[in-house]
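A short write-up of the structure that comes next.
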Amino acid sequence: ASAVALNVTGILPALDAFVTVFPCGDIPPTSSLNPAAGRVTPNLVIAQVSSRGTVCFFTNVDIDLVVDVVGYVATSAANRFTPGTPFRFTDTRDALRPEINAGQGGMRLAPSQTLVVQIAGVRGVPANARAISANITVADGTNKGFVTAFPCGDVPTASNVNYEVASPVANAAELPLSSNGSICIYSSSSAQVIIDINGWWN
């Protein structure tokens, strides 16, 4: 692998923080993630790996980090990415269009609900798509919680978006699809979920 896709979550720093993800060596003057004091903050990071296959993390304050590997870039890429103009694929807030609201009819996901969303072969995404590049937004949460997007099956021990009460928050995601071209969305608390797609892998 020449690079990895990571969902990096900064957890409850005492002070405003920044985290830099880099292929080791000299620390670049950039940030990959900016967690606010007392908040749980995720971000998708595409990071080059070093010649030894490592990635380094630098932070300016004491902080817990959770790093979920969501994919990698092979040195000889057989899979191709097709970028597109971002478009709204799913919005559970929409009460009128079932093709947009994924059957929720405007209702929030219930606590611990898993919503199945068919992606491949729907609304311009080709039937042979194996993964999507998306932005996931969570809104109108009734409690603090997290959303996990995954290719169905068992819910993984990872999150894509960590949200607060009634405070919209978004994160980018690279999401593999299930064998039938769908993704599953799990929400730990009651919240609305919006998915915007900006491209796909096939």
Side-chain angles (χ1 to χ4, degrees), residues 1 3-50 53-73 86 90-93 108-109 111-114 131-150 155-176 183-199:
V4 287
L6 309 171
N7 197 64
V8 183
T9 304
I11 301 175
L12 304 176
L15 303 170
D16 288 350
F18 69 87
V19 178
T20 299
V21 185
F22 63 106
C24 302
D26 295 335
I27 302 170
T30 59
S31 64
S32 307
L33 178 69
N34 297 87
R39 301 292 293 270
V40 177
T41 308
N43 198 27
L44 180 73
V45 179
I46 307 296
Q48 181 183 356
V49 300
S50 73
T54 58
V55 172
C56 286
F57 298 82
F58 172 84
T59 178
N60 64 325
V61 301
D62 289 348
I63 189 172
D64 286 318
L65 295 178
V66 176
V67 181
D68 302 317
V69 178
V70 298
Y72 63 90
V73 178
T90 299
D91 188 342
T92 59
R93 301 171 300 178
R108 294 179 179 89
L109 272 70
S112 300
Q113 178 183 347
T114 298
I132 56 169
S133 179
N135 198 66
I136 302 174
T137 303
V138 181
D140 299 331
T142 57
N143 280 299
K144 292 182 179 181
F146 65 89
V147 159
T148 298
F150 59 105
V155 180
T157 56
S159 63
N160 295 92
V161 181
N162 301 80
Y163 55 88
E164 304 283 333
V165 177
S167 179
V169 62
N171 194 15
E174 302 295 318
L175 301 173
I183 60 169
C184 283
I185 307 293
Y186 170 87
S187 183
S188 65
S189 296
S190 182
Q192 303 280 15
V193 176
I194 301 100
I195 302 171
D196 298 322
I197 293 178
N198 54 59

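We number each residue from 1, following the sequence as shown.
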Query - Gap separating the OG1 atom of T92 from the CD1 atom of I195, nearest 0.5 angstrom - result: 9.0 Å
Query - Rounded distance [0.5 Å steps], CD in E164 versus CZ in R39 - result: 4.0 Å
Query raised in the report: Hey, is OH on Y72 packed in by over 12 heavy atoms from elsewhere, all under 6.0 Å?
Result: no
Query raised in the report: Are any side-chain N or O atoms of T20 and backbone N or O atoms of T30, one a donor and one an acceptor, separated by less than 3.5 Å?
Result: yes
Report summary line: Checking V70, L175, V155 against F150 for side-chain contact (heavy atoms from CB on, under 4.5 Å), the one that qualifies is V155
Report task. From the options P168, P42, S188, select the one residue that forms a side-chain contact (heavy atoms from CB on, under 4.5 Å) with Y163. Result -> S188
Requested in this report: Check whether any side-chain heavy atom of V147 lies under 4.5 Å from a side-chain heavy atom of I185, and answer yes or no.
Outcome: yes
Query raised in the report: Nearest heavy-atom pair of S189 and K144: which atoms, and what distance?
Result: OG-O, 3.0 Å
Query raised in the report: Taking all non-hydrogen atoms of both residues, which atom of F18 and which atom of N60 are closest, and how far apart?
Result: N-OD1, 2.8 Å
Query raised in the report: What are the two closest non-hydrogen atoms of T9 and S159, and how far apart are they?
Result: OG1-OG, 4.5 Å
Query - Donor-acceptor contact below 3.5 Å, side chain S190 vs main chain L109 - result: yes
Query raised in the report: How long is the span from the OG atom in S133 to the CG atom in D196, to the nearest 0.5 Å?
Result: 11.0 Å
Query raised in the report: So which of V169, I11, L12, L33 actually passes side-chain contact (heavy atoms from CB on, under 4.5 Å) with T41?
Result: L33
Report task. Calculate, to the nearest 0.5 Å, the distance between atoms CD1 and CD belonging to I132 and E174 respectively. Result -> 9.0 Å
Report task. Could you tell me the separation between the CD1 atom of I194 and the CG atom of D140, rounded to the nearest 0.5 Å? Result -> 7.5 Å
Requested in this report: Specify the closest pair of heavy atoms between N171 and N43, including all atoms of both residues, with the distance to one decimal.
Outcome: OD1-CA, 3.2 Å
**Report entry** Interatomic distance, F146 atom CZ to N160 atom CG [nearest 0.5 angstrom]
**Finding:** 10.5 Å
Query raised in the report: Would you say L6 and F57 make side-chain contact, with heavy atoms under 4.5 Å?
Result: yes
Query - Stepwise side chain to side chain contact (heavy atoms under 4.5 Å, CB included) check, V55 with V21 - result: CA-CA 7 Å; V55 172; V21 185; 3.3 Å; yes
Query raised in the report: What's the shortest heavy-atom distance between G10 and I63, and which atoms?
Result: CA-CD1, 3.7 Å
Requested in this report: Identify the two heavy atoms, one from P13 and one from A36, that lie closest to each other, and give their separation to 0.1 Å.
Outcome: CG-O, 3.4 Å
